[in-house]
Trainee: 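A single structure is presented below for examination.
First the proteins, then the strands, lettered A, B, ... as listed; each starts at 1.
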There are 2 protein chains.
Amino acid sequence: MNTLSYGLLALLTRGPRSGYELMQHIQPIWQAKHSQIYPLLALMEKRGFVQYVPVAQKDKPDKKVYSLTDEGIAALREWVPEPTGDPVKRDEMLLKVYCIGFIEPAQARQLFEERMRMYQCKIEKYHRMLDDLGSETVQAVEAGRMEHPGFGSYILLKRAIGQAESDLDWCRWVVGLLQLNPTGSVGN
Amino acid sequence: MNTLSYGLLALLTRGPRSGYELMQHIQPIWQAKHSQIYPLLALMEKRGFVQYVPVAQKDKPDKKVYSLTDEGIAALREWVPEPTGDPVKRDEMLLKVYCIGFIEPAQARQLFEERMRMYQCKIEKYHRMLDDLGSETVQAVEAGRMEHPGFGSYILLKRAIGQAESDLDWCRWVVGLLQLNPTGSVGN
DNA sequence: GATCACATGTAATAAGTTACATGATTGC
DNA sequence: GCAATCATGTAACTTATTACATGTGATC
């Protein structure tokens, strides 16, 4: 049982999900490919933390819909108070920014403008997801009712938006700095 | 040559560094242990991207001080315009937040308060690092002189502070929400 | 006497990515 | 016809962590 396994259990607290759905929904929080998720689900099923029902679909391939068992819920509750690992962040762009003095100014601008587009897309996506949660959830969150399904999703989306906007502001600030010295348009 | 290898080359643009120093300085940008870094340095040395001089020290163990070769600089310049990988973020805490409805309110508060302490420490550390860069660097950055050594470090520190403050604000907001409904003090 | 910081390295394991594999349906 | 979405799985590989290994000097 590694962190990703507990993460899958956490996702299943919202209700039964197929492996494919779990793979999609965990992406914003924890990047993982289906090749990592399917074996973990099989293992957790064997250990009794989750169970599944095969669901036949016309027009789509069959799927396995997983749900939490009592043992799974117990495992989840045991995991939460355990010491929480430090966040791991690896962003290739930041390594490039570190040696920005070695970069052509035009390339530097491109690097930041690309990122700005990425963050704008993300922010829009997160706002759409917020809207999908509905006003009932918003009211529950504003009342501090953390037991409400959707409380976790809502505050996580708020965080993601805050982070993306902070980063976007930073990109704009740097692009502004770079334009003070338009070396790129003069050549080097 | 993987991303971490290029990251090490990027760090070496600031001047010669030992493997140990590289390991320490790369941490805020890209988490890696010494066991990963030393073999990569050895490999890059064999391939001619870096070179080292053994430096004997009294009172401390001997060290190998690495520096960039012309080939290393060339490799670095080739890497920069290549497509940049998406950032990878994995934070166990966010998985716990997702299933916050299954958590005891007291545990939830603890989770956030622990994080707030972590961010406060980080912010203080980053501010100290900013101060260490000196006013000369600040002036160069404000003038948009990206070729200045320290430009990259300065803007990366600014970003790190922005991200940490955004997260800290988020934690405070959530703790405020949790206090609206003090279920934890009544028991469950 | 124990732990920490410095300093480098290897070995074993765990975690994560890419590629291989299959197969239906829908849209371009 | 070709790519994309849905859906599951395995194999091969890369990347990252933990543990093993060694040794000094400083601090508690």
Trainee: Only distances under 3.5 Å count here; give the side-chain donor-acceptor pairs of residues 126-134 of chain B to other protein atoms, sequence neighbours excluded, each with its distance to 0.1 Å.
Mentor:
none

Trainee: Looking at A/Asn2, does any N or O in its side chain come under 4.0 Å of the phosphate oxygens OP1/OP2 on C/dA14?
Mentor: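 For C/dA14, OP1/OP2 do not have a side-chain N/O of A/Asn2 under 4.0 Å.
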
Trainee: When you check every protein heavy atom under 4.0 Å of nucleotides 23-28 of chain C, what one-letter string (B, S, -) results, 5' to 3'?
Mentor: B-S---

Trainee: Report yes if the distance between the aromatic ring centroids of B/Phe112 and B/Trp170 is under 6.0 Å, otherwise no.
Mentor: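 Yes; B/Trp170 has its ring centre under 6.0 Å from that of B/Phe112.
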
Trainee: What's the spacing between A/Ile26 CD1 and B/Tyr98 OH if we round to 0.5 Å?
Mentor: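 These two atoms lie 9.0 Å from each other.
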
Trainee: Got a sec, which residues hit salt bridge (charged side-chain N to carboxylate O under 4.0 Å, His left out) with B/Arg17, two or more places apart in sequence or on another chain?
Mentor: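 Per chain and number, B/Arg17 pairs via salt bridge (charged side-chain N to carboxylate O under 4.0 Å, His left out) with no residue.
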
Trainee: Tell me the interatomic distance from B/Lys63, atom NZ, to C/dG9, atom P, rounded to whole angstroms.
Mentor: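 It works out to 14 Å between those atoms.
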
Trainee: A/His34 NE2 to D/dA7 P: how many Å, rounded?
Mentor: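 The answer, rounded to whole Å, is 14 Å.
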
Trainee: Do any of residues 36-54 of chain A sit with a heavy atom less than 4.0 Å from DNA chain D, and if so which?
Mentor: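 Residues of residues 36-54 of chain A that come under 4.0 Å of DNA chain D are, in numerical order, A/Tyr38.
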
Trainee: Please determine, by modelled atom types, if A/Lys96 and B/Thr84 share a side-chain donor-acceptor pair under 3.5 angstrom.
Mentor: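 Present: a donor and an acceptor within the cut-off.
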
Trainee: Does A/Ser35 reach a base, just sugar-phosphate, or nothing at all? Heavy atoms under 4.0 Å.
Mentor: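 The residue A/Ser35 makes base contact.
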
Trainee: Quick one: does any side-chain atom of A/Gln24 pair with a main-chain N or O of A/Glu21 as donor and acceptor, under 3.5 Å?
Mentor: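 A pair under 3.5 Å: no.
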
Trainee: In degrees, rounded to 10°, what is the bend between the two ends of the helix from C/dG1-D/dC28 to C/dC28-D/dG1, using five pairs at each?
Mentor: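 Taking five pairs per end, the axes differ by 30°.
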
Trainee: Between the side chain of A/Glu92 and the main-chain N/O of B/Gly85, is any donor-acceptor distance below 3.5 Å?
Mentor: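 Confirmed, A/Glu92 side chain pairs with B/Gly85 backbone.
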
Trainee: Show me the donor-acceptor pairs, under 3.5 Å and distance only, between side chains in residues 149-164 of chain B and residues at least two apart or in other chains.
Mentor:
unit_1, atom_1, unit_2, atom_2, d
B/Ser153, OG, B/Arg14, NE, 3.4
B/Ser153, OG, B/Arg14, NH2, 3.0
B/Arg159, NE, A/Asp167, OD1, 2.8
B/Arg159, NH2, A/Asp167, OD2, 3.0
B/Gln163, NE2, A/Gln163, O, 3.1
B/Gln163, NE2, A/Asp167, OD1, 3.2

Trainee: Rounded to whole angstrom units, what separation is found between the OH atom of A/Tyr66 and the C1' atom of D/dG9?
Mentor: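 The answer, rounded to whole Å, is 10 Å.
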
Trainee: Ignoring the backbone of A/Gln57, work out which of D/dT10, D/dA7, D/dT18 is nearest its side chain.
Mentor: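 Nucleotide nearest to A/Gln57's side chain: D/dA7.
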
Trainee: Where the side chain of A/Gln110 meets the backbone of A/Ala106, is there a donor-acceptor pair that is under 3.5 Å apart?
Mentor: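 Checking the backbone N and O of A/Ala106 against the side chain of A/Gln110, no donor-acceptor pair under 3.5 Å is found.
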
Trainee: What does B/Lys33 touch in the nucleic acid at a heavy-atom separation under 4.0 angstrom: a base, only the sugar-phosphate, or nothing?
Mentor: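 Touches a base.
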
Trainee: Are B/Ile73 and B/Met1 in one and the same hydrophobic cluster, where Ile, Leu, Val, Met, Phe, Trp and Tyr link if side-chain heavy atoms are under 4.5 Å apart?
Mentor: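 Yes.
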
Trainee: Could you work out, with ring-ring contact (aromatic ring centres under 6.0 Å, His included) as the rule, every residue matching A/Trp79, not counting sequence neighbours?
Mentor: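 Result, ring-ring contact (aromatic ring centres under 6.0 Å, His included) vs A/Trp79: A/Tyr6.
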
Trainee: Between C/dA15 atom P and A/Tyr6 atom OH, what is the distance in whole Å?
Mentor: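 The answer, rounded to whole Å, is 11 Å.
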
Trainee: Would you jot down, in residue-number order, the residues of residues 81-95 of chain B having a non-hydrogen atom under 4.0 Å from DNA chain D?
Mentor: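 When residues 81-95 of chain B is checked for heavy atoms under 4.0 Å from DNA chain D, there are no hits whatsoever.
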
Trainee: Taking only distance into account, with no hydrogens and no angle test, what donor-acceptor pairs under 3.5 Å do side-chain atoms of residues 34-59 of chain A form with protein atoms, sequence neighbours excluded?
Mentor:
unit_1, atom_1, unit_2, atom_2, d
A/Gln57, NE2, A/Pro61, O, 2.7

Trainee: In this structure, would A/Tyr20 and A/Val65 fall into the same cluster of hydrophobic residues linked by side-chain contacts under 4.5 Å?
Mentor: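 No, A/Tyr20 and A/Val65 fall in different hydrophobic clusters.
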
Trainee: Counting only side-chain heavy atoms from C-beta out, which of C/dG16, D/dT8, D/dT17 sits nearest to A/Trp30?
Mentor: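 Among C/dG16, D/dT8, D/dT17, the one nearest the side chain of A/Trp30 is C/dG16.
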
Trainee: Side-chain N or O of A/Lys64 less than 4.0 angstrom from OP1 or OP2 on D/dA7?
Mentor: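 Answer no for this pair, as no side-chain N or O of A/Lys64 is under 4.0 Å from OP1 or OP2.
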
Trainee: Would you please name every residue forming a salt bridge (charged side-chain N to carboxylate O under 4.0 Å, His left out) with B/Arg172, sequence neighbours left out?
Mentor: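 So B/Arg172 forms a salt bridge (charged side-chain N to carboxylate O under 4.0 Å, His left out) with B/Asp169.
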
Trainee: B/Leu4 has an atom CG; how far is it from atom P of D/dA16, in whole Å?
Mentor: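 Roughly 6 Å, once rounded to whole Å.
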
Trainee: Compare every heavy atom of A/Glu142 with every heavy atom of B/Leu180, then report the nearest pair and how far apart it is.
Mentor: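 Distance-wise, the nearest heavy atoms are CD1-O, 3.1 Å.
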
Trainee: So if I take residues 20-27 of chain A and measure heavy-atom distances to DNA chain D, which residues fall below 4.0 Å?
Mentor: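 The stretch gives A/Tyr20, A/Gln24 as the residues lying under 4.0 Å from the strand, ordered by number.
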
Trainee: Rounding to an integer number of Å, can you tell me how far B/Gln31 CD sits from C/dA15 C1'?
Mentor: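 Value for this atom pair: 15 Å.
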
Trainee: For A/Arg90, which residues count as a salt bridge (charged side-chain N to carboxylate O under 4.0 Å, His left out) partner, sequence neighbours excluded?
Mentor: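 With neighbours one apart ignored, the set is empty.
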
Trainee: Please give me the minimum heavy-atom distance between B/Cys171 and B/Met116, naming the atom from each residue.
Mentor: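 That would be CB-CG, 3.3 Å.
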
Trainee: Between D/dC6 atom P and A/Arg17 atom CZ, what is the distance in whole Å?
Mentor: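 Rounded to the whole Å, the gap is 14 Å.
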
